[in-house]
Every structure is written in structure tokens, then in C-alpha cells.
Amino acid sequence: MEQNPFNRPVSTASALGGERFSQAPTLFPDAENVPAAAEGAYASADDLQPPTALGNRASNAFGQGSPSNLSVAGSSAPLANNFPYRDSAAPTAAGSAQHLGDSDKEAATSDAPRDTSPLGRQSDEEDGSKGSRKKLFFILGGLAALVIIAVAVAVPVALTHKKSSSGSSSSSSSSSSGPSTTGSGQNGGPTSSNPTTNAVTGGDGTTIKTENGTTFTYVNKFGGTWYDDPNDPYNNNAQAQSWTPPLNTSWDYENDLIRGVNLGGWLVPEPFIVPALFEPYVNGTIPAKDEWTLSQAMAADTANGGLNQMETHYKTFITEEDFAQIAAAGLNWIRLPIPFWVVEKYPDEPFLEKVAWQYALKAFKWARKYGLRVNLDLHTIPGSQNGYNHSGKGGQINFLYGPMGLANAQRTLEYIRIITEFISQPEWAPVIPMFGIINEPVVTSIGKDELTSFYLQAHDTIRNITGTGTGKGPFISIHDSFQGLAAWVDLLPGHDRINLDVHPYAIFSSVDRSPLADQIDKPCTSWAADMNTSWSNFGVSVAGEFSLAINDCGLWINGVGAGTRWEGTFDGGDGTVGDCTPWTDYASWTQTTKDDFNSFALRNFDALQHWFFWTWKIGASSVTGKIENPMWSYQLGLQEGWMPSDPTKAVGTCGNTSPATALTAEMLGGAGAGDISATVRAASPWPPTAILPGNLSPANVPVYTPTGTIVTLPVPTPTVGTADGWFDAADTQPMITPIAGCTYPDAWGSADATNPGPCGGTSTADTTTTDNTDTTDTTDTTVTTRTRGARNVIPKPRRTPPPS
């Protein structure tokens with residue numbers, strides 16, 4: 001079988017009753033230490049047991065989720081540290097070139113006496129002096145042979161190591177090849193001096209050694225090359241594919257197509273992506289429905305590691321090999337959702353503070369190594385921008401809405417500022433050319449005028465740090481709030497490099513029960529024209545999320561225990577009770593079904609042009625041992641054959657009957673970019689003129705004050721070069737913080753709560769000019785801890801559709 005990163009050898013394991021069953025190909029051919037899951041259809045929330053009843057921790061499934069890597073109660077297979085995922089840095093397929101043969105390993109490590117001359121041992125009857133001369137002869141001969149071998153090895157090695165002009169060196173192995181230029185001094189990063197080790201680079205068939213010492217074979221049939229030199233860590237020579245510009249070349253938005261994938265569920269866990277993380281707790285004392293309640297439940301579960309279980313998830317769900325596979329799949333960008341608590345959290349928020357940032361840094365490193373660009377997406381917002389389970393806490397909107405809406409918006413602006421300072425540094429700017437500042441805000445609650453005011457303030461916050469014009473800081477990605485791209489065509493005329501983001505899901509508003517074959521052309525007829533029109537009239541427009549789902553079948557697609565429209569168990573259905581089994585049991589899909597999904601995917605790709613599939617990986621349920629949401633997993637689709645192995649084949653599948661016009665210079669940061677008129681600014685003041693609901697005056701709601709210590713996102717260790725996490729040395733404004741002595745309402749509570757008014761006097765909430773320090777009580781310098789009322793709100797669907 002031709003080797004590729006998605007068809008590794010598959011092992012099978014015994015299920016209940018000793019029967020063997022088939023599974024999806026997996027990256028983990030060895031089943032040792034892979035945890036268990038029960039057999040049978042996935043259970044409802046009522047069928048699942050709380051952690052205290054899980055003697056064998058049935059939640060311990062793994063990220064890939066194939067049944068062979070699961071053990072059942074009573075199995076001898078050990079669990080993997082009582083956690084759902086095992087490390088995906090697994091050995092490569094048997095026979096890979098990087099592995100020594102058994103005899104070679106024995107020869108390299110053997111302590112046996114060196115008496116294995118081809119002539120055999122000397123006889124005990126031979127003369128001692130004669131034996132000594134023979135021993136000397138063989139010793140000299142052996143030394144001569146070693147010299148010959150050393151020369152034979154040294155010559156080709158020398159030929160494969162070339163010094164670069166910067167003083168660092170590059171090496172290749174197997175069929176490696178790399179860009180002609182080396183040294184980060186040529187691409188914005190610091191140039192290291194006196195390197196002590198050789199740089200490494202390579203292409204298809206070369207061996208990758210991960211930071212934990214494991215190895216795998218890099219398989220890239222599209223001409224991609226990787227680059228990784230510890231002495232030159234900011235080198236940007238890597239190239240994902242031959243048609244994708246290397247990182248040391250600017251992205252051409254006019255001519256280069258973004259073909260990307262989300263790393264959803266990794267640093268912002270979601271129930272339908274990583275169900276095994278939630279399943280132990282959905283029926284517990286604190287039912288886990290979002291990251292807020294999951295964090296509370298984990299923290300209470302000290303017997304299984306407490307909240308540190310979250311970091312184990314970070315370590316194992318996505319690893320370096322995923323990035324290599326993404327490049328091998330013909331993809332050239334990733335969209336990386338991150339939570340705001342990578343910066344900080346407030347004392348009454350239960351999240352694991354700052355730890356996810358360490359894994360975001362790994363993502364940046366691995367993206368650089370494999371030539372992938374990053375669209376960094378701030379997925380959670382203080383108070384929640386949409387009430388969805390992936391916003392931090394489901395159920396209620398408190399961003400720019402309700403009594404604490406303005407204060408939460410202040411926090412959000414600070415976190416946007418701090419993240420911008422980091423990603424604008426020359427060491428990271430080539431890797432992170434796009435920054436999504438707020439994911440899926442619900443404009444129908446917040447208000448379009450209010451949200452536009454926030455966008456202008458965020459735009460100015462970012463461009464005051466980066467400057468304006470091409471190459472100065474990232475594109476600012478703004479979601480269409482499910483209103484359609486056309487609704488934002490006039491957003492902030494004169495802005496500097498804002499791009500629009502649309503998430504075209506077709507399953508959350510109505511049910512289409514027509515056959516898959518009849519829906520293949522939907523992307524072409526529904527989305528292509530809108531994307532082209534937005535590209536022509538506004539500028540860069542991308543689809544930040546979409547999937548192959550043609551219905552809402554699957555585990556927890558609409559939220560934990562929420563049911564599905566297809567089965568008639570969730571509001572918004574068509575009154576028909578359907579069966580989801582044919583859509584979740586991908587092992588039973590016929591080749592025709594797979595071919596139809598493949599065609600559907602190609603039309604999505606072509607209609608959207610610049611896209612990020614949601615999502616790369618879906619974890620298995622710990623109850624069934626299966627991936628229950630196959631239409632959402634790019635990786636599984638590659639393994640099973642319904643996702644296109646070459647996304648470039650999508651070009652032209654929709655016909656492109658109304659192509660977009662060329663981008664103007666202003667759309668790309670040229671002349672006119674950043675010149676927002678006084679009229680536009682007057683129409684979108686900050687803070688906005690009113691806060692919904694109730695048209696609250698921004699001068700009469702609680703706010704924070706800019707008197708806190710600035711938080712700087714840490715750089716990787718050991719530190720190389722001059723990077724310190726802060727791009728603009730002139731940006732010294734203190735960070736906003738609660739006003740000493742004030743008691744604030746619940747920042748995540750009901751937006752209909754009584755407004756207590758400002759603390760410390762009337763405020764404009766302008767963090768750049770206003771000091772809201774409380775002068776009424778100089779003796780109390782503590783911040784009263786805010787309390788949270790328990791709420792049992794079923795989270796809204798993961799994605800809310802645009803209104804009809």
C-alpha cells in the first residue's frame with residue numbers, strides 16, 4: 001500500500017463477547033495503554049453515570065476514537081491515566097525507513113564479547129605469540145575497516161549539509177528538499193549566531209522527531225517541505241505545498257486560495273467534538289454542558305486529577321503530527337480558536353487560567369514548521385457574546401448587553417489588545433496573518449449599531465499598535481453574525497484590512513429530507529454568488545466555518561441532551577420522526593454515499609473559495625467507542641474516503657458563472673486604508689449611545705478602570721532573540737481592572753438584572769482617557785467577589801442560522 005499519513009496499519013481489538021469488529025484507520029496502530037469505552041449505541045444524558053459511579057472510567061476514550069483502541073470492563077488493557085485521549089505521537093507504520101532493523105539494534109547495543117571474527121575463535125592449542133600476532137592483525141584490520149566505513153559515511157553526509165550565508169546550516173534526509181533560502185534574518189526574525197546544532201529540513205518521506213522523542217514519517221505528495229532549526233526558531237522557509245507560498249513570502253489574497261481547517265474542540269472544548277471529556281460529568285452534581293460547568297465538575301473531581309485534566313486534553317487531542325497531516329492533506333491554513341483566559345480570568349471564573357496559551361505557542365511553532373498560516377480566533381468572550389456552549393458559558397448573553405455588558409466589552413478590548421501585541425511581533429506576524437476578534441456575536445440581541453461601535457474601537461485598538469497599511473499587523477476578521485455578508489458591505493468605510501467571516505451552516509433552521517445526491521449542488525446555488533459579491537464589494541471574505549452536515553444528526557450537535565430536529569426531539573423540526581443511524585454509522589456508508597459526500601465537499605470548497613472546514617478532528621464517545629459526528633471530521637473523512645484527498649480538484653466544480661472582481665489596493669491596505677472619516681466615526685461612538693436591553697445609558701452602568709498591571713503573553717522558553725510578547729513599546733496604558741471597593745453584578749448573569757449604576761461616579765468607559773477610581777471610600781481596596789446564581793439553561797445550538 002502506498003504510504004500516506006491517513007492509511008496507517010489498523011489493529012483490531014476484542015469487543016464484548018470476544019468478537020472482532022472493523023474500525024476506521026487510526027494513527028495509533030498499537031493498542032497498548034489506550035483506554036476503554038462501552039459497546040452499544042450512545043446513551044442519552046439520563047443513561048450516563050456521574051464520575052463517582054464510573055469505576056472503570058468508561059469516559060476514557062481517545063482522540064481518534066476507533067473501537068480497536070478501546071477496552072471494556074474487565075479487560076486487561078490498562079487505562080491511559082484516566083483520560084480520554086492518548087498521545088498521538090505514535091510509531092509509524094512497520095517498515096518505515098527511520099526504524100532500525102532488529103539486528104541493527106542488537107548490534108548497536110550489544111555488550112557481547114567481540115570475538116566474532118569471520119575466521120572463528122582461535123584454538124586453545126595455538127601458540128601464544130602466534131595468537132597475539134593474529135589478534136594484532138585483526139585489530140589493525142578492524143581499524144582499517146572502520147576508517148573506510150567512516151569515510152564512506154562522511155562523504156555523502158558532507159554532501160547533504162550545506163552552509164547557509166547566515167551561518168546556520170540545513171540538513172535533509174531521505175528524499176528531502178527545501179526552499180533555497182535559509183536563515184530567519186531574511187524573513188523578519190532574529191538571526192542566531194554560533195549555532196551548535198544543524199538545522200533540519202525535508203520533504204516527502206523524511207523522518208520527523210517530535211519534542212517528546214517519538215518519530216513519524218512526513219508524507220506530503222504535494223511538494224511540501226518542513227523546516228525546524230532550534231538555533232533559528234523563527235525561520236520561515238517551510239512550505240505546506242508547492243502551490244502555497246512559503247511563510248517567508250507574503251500571502252497574496254488576490255491569487256492564493258485559503259484552504260483551511262479549524263482545530264475546534266482543542267483549546268476551547270465543545271461537547272459534540274470531544275464528548276468523552278464531558279460524558280463523565282453530564283449527570284453529575286454539576287452537569288457539564290459547557291466549559292464553565294465542565295471546569296467546575298473537573299475541579300471537584302480531585303480523585304481523577306481535578307482541573308488538570310484539562311491540560312491532559314490539551315496535550316493529547318491535537319499533536320504535532322496533526323499539523324503534518326494537515327499540510328499533507330493539501331491544506332494551507334488553520335483557524336485556531338482560543339479562550340480569553342489565555343490572558344487571565346477573574347477570581348469567580350472557573351476556567352484553567354493561562355495554560356491553553358502554552359499550547360497555542362506549540363500550535364504556532366508547528367504551523368511554522370510545516371508552512372501553515374494561522375487565523376487566530378478569539379472564540380470566548382467575557383460574559384458570553386452569544387449564549388452558546390462554546391462561548392465560555394451557555395445560556396445568557398452579557399457582552400455589550402445588560403448591566404455588565406459595557407464592562408465585559410472593556411475586558412474584551414483589553415484581551416484583543418494584548419493578543420495583538422503578541423502576534424504583531426516580527427517573530428510571529430508571518431505565521432499569524434489573520435485575527436478573528438470575536439466569534440459569532442448575536443447582533444439581534446446586542447444591536448448592530450452597538451456592535452459596529454465596538455468594531456470601530458477594536459479596529460483602532462489594533463491599528464494603534466500595528467500601524468496602518470499592507471504588512472502592518474494582521475487582517476481583522478469580523479463575523480457576519482449570521483446576517484449574511486451583504487448586511488456588512490458598508491462596515492466602517494476606510495477601515496484598514498478588515499475581512500468578513502461567514503459560517504454557512506444549512507442545518508439549524510430547517511430540515512431537508514431530500515437524498516444526499518439531490519443536495520450536492522446546494523453550495524453552488526446558495527453561497528457562491530454571495531461570496532463573489534462580497535469579495536467584489538467589500539473585500540477579503542472567508543468562510544471561517546462549515547461542514548458536510550446535511551442534517552443535525554449526531555451526538556450533542558445542538559447541545560448536551562438537546563436532541564435533534566431530524567429525530568423530532570429538538571425544537572424547530574418538521575414534525576417528522578427520523579432515524580439518525582444512517583448518518584452517524586459511517587462504517588455502513590456505501591461507496592456511492594462516500595462519492596456523494598466527496599462531490600458535496602468539492603462544491604463547498606469551490607463555492608466558498610477561501611474556507612476553513614469545521615473541524616479537523618472529532619473525538620470518540622466514551623460510551624459507544626465511536627465517532628458519532630462523522631460529517632464534521634475532516635480527518636475521519638480522509639481516512640474513510642469521503643473527503644477529497646486533493647482539495648485543488650474543487651476549482652471550477654461550481655462553474656463560477658459570476659466571478660468576483662479584483663480586490664482594490666485599499667482592500668489590501670493600500671492607498672485609502674485606515675482613513676475612516678469623521679462622519680463614520682461620529683455615527684459609531686465609543687461607548688455606544690445605549691446598551692440593550694432597556695437602552696441603558698453607558699454613563700450609568702458599571703465599568704472597570706484602567707489602573708491595573710498590564711498582562712503580557714509569555715514567549716516560548718528558552719527565549720531566543722529579542723521577542724518579549726509586546727510589539728509596541730509606546731503602548732503603556734494600564735490595564736482595566738475592577739474598581740477597588742465596588743460590588744459588581746454577576747458579569748455572566750441575567751441581562752435583565754437590576755442595573756446598580758456606576759461605581760465611583762459617572763463614567764464614559766473610555767479606557768484611554770478616563771480614570772474611574774472610586775474616591776468615595778479610600779480605606780477599602782479590595783474587590784468584592786462576585787457571586788453566581790446556579791442556572792439550568794440548556795445551551796443553544798452550536799451554530800445559530802441566519803434569519804430567514
Side-chain angles (χ1 to χ4, degrees), residues 260 262-270 290-292 333-346 349 351-357 359-361 363-364 374-393 397-400 405 408-424 428 431-443 446 451 454-463 465-466 473-481 497-501 503 542 544-545 612 614-615 711-713 725 735-736 747-748 798:
N262 282 270
L263 296 182
W266 183 25
L267 304 183
V268 181
E270 300 188 32
D290 49 33
E291 191 159 353
W292 183 287
W333 282 64
I334 63 168
R335 182 170 177 259
L336 180 65
I338 60 171
F340 72 78
W341 47 91
V342 297
V343 179
E344 67 169 7
K345 70 178 184 70
Y346 279 7
E349 294 168 341
F351 311 114
L352 183 61
E353 184 179 37
K354 300 184 178 182
V355 176
W357 180 251
Y359 294 87
L361 290 176
F364 304 156
V374 177
N375 174 4
L376 189 64
D377 188 73
L378 187 56
H379 222 65
T380 73
I381 297 296
S384 180
Q385 73 277 22
N386 51 36
Y388 303 159
N389 62 12
H390 51 80
S391 66
K393 188 176 188 180
I397 300 171
N398 284 282
F399 163 79
L400 209 56
N408 282 328
Q410 287 180 287
R411 284 182 72 187
T412 304
L413 287 168
E414 284 288 15
Y415 302 151
I416 289 172
R417 168 197 179 197
I418 291 167
I419 293 169
T420 299
E421 287 286 6
F422 187 95
I423 66 177
S424 299
W428 282 277
V431 182
I432 313 169
M434 188 175 289
F435 179 23
I437 58 174
I438 177 170
N439 179 64
E440 299 180 347
V442 176
V443 69
I446 297 168
L451 195 55
F454 175 84
Y455 285 151
L456 177 56
Q457 186 70 5
H459 171 277
D460 290 350
T461 297
I462 292 171
R463 295 304 174 218
I465 293 168
T466 68
F475 261 81
I476 303 169
S477 188
I478 289 178
H479 184 248
D480 74 340
S481 297
R497 289 166 296 140
I498 289 177
N499 71 270
L500 293 181
D501 173 23
H503 299 174
V542 304
E545 297 183 18
F612 298 86
W614 188 275
T615 183
V711 174
T712 302
L713 289 168
M735 192 168 175
I736 63 103
W748 297 80
R798 184 193 142 67

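Please read all numbers here as calculations on a predicted model, not as lab measurements.
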With sequence neighbours excluded, residues passing side-chain hydrogen bond (donor to acceptor under 3.5 Å, both in side chains) with [X]:
X    : result
S477 : N499
S391 : S384, N386
H459 : none
Y455 : none

Checklist entry - Sequence neighbours excluded, which residues qualify as side chain to side chain contact (heavy atoms under 4.5 Å, CB included) partners of T412? => result I381, P382, F399, I416, F454
Taking C-beta and beyond as the side chain, do [X] and [Y] meet within less than 4.5 Å on heavy atoms?
X    : Y    : answer
F364 : L336 : yes
F612 : E545 : no
R335 : M434 : no
N439 : L378 : no
L352 : V355 : yes

State whether the side chain of [X] and the backbone N or O of [Y] hold a donor-acceptor pair below 3.5 Å, judged by distance alone.
X    : Y    : result
N398 : N408 : no
R497 : G473 : yes
Q385 : I438 : no
S424 : T466 : no
E353 : K345 : yes

Checklist entry - Distance only, no hydrogens: is a donor on one side chain within 3.5 Å (strictly under) of an acceptor on the other, for E349 and W292? => result no
Heavy-atom pair with the smallest gap, counting every atom of [X] and [Y]:
X    : Y    : answer
L400 : A409 : CD1-CB, 3.8 Å
I437 : A458 : CD1-CB, 3.8 Å
V268 : P339 : CG2-N, 3.7 Å
V342 : A356 : CG1-CB, 3.9 Å
L267 : P337 : CB-O, 3.7 Å
P441 : L451 : CG-CD2, 3.9 Å

Applying ring pair (Phe, Tyr, Trp, His ring centres under 6.0 Å), can you list everything that pairs with [X], at least two apart in sequence or on another chain?
X    : result
W341 : F351
F422 : W357, W428
Y359 : Y314

Supply the atom-to-atom distance [X] [atom1] to [Y] [atom2], rounded to the nearest 0.5 angstrom.
X    : Y    : atom1 : atom2 : answer
L500 : I498 : CG    : CD1   : 8.0 Å
N375 : D501 : CG    : CG    : 7.0 Å
I338 : Y415 : CD1   : OH    : 12.5 Å
T420 : I418 : OG1   : CD1   : 10.0 Å
F435 : I423 : CZ    : CD1   : 5.5 Å
D377 : N262 : CG    : CG    : 7.5 Å

Item to check | By salt bridge (Lys or Arg N to Asp or Glu O under 4.0 Å) - contacts of R463 (at least two apart) | outcome: D496
Next on the checklist: I'd like to check the salt bridge (Lys or Arg N to Asp or Glu O under 4.0 Å) partners of D480; sequence neighbours left out, ordered by chain and number.
Outcome noted: none
Item to check | side-chain contact (heavy atoms from CB on, under 4.5 Å) between H390 and E291, intermediate numbers included | outcome: CA-CA 7 Å; H390 51 80; E291 191 159 353; over 6 Å; no
Checklist entry - Under 6.0 Å between the ring centres of W266 and H379? => result no
Checklist entry - When you check the gap from the basic side-chain N to the acidic O, do E414 and R411 get nearer than 4.0 Å? => result no
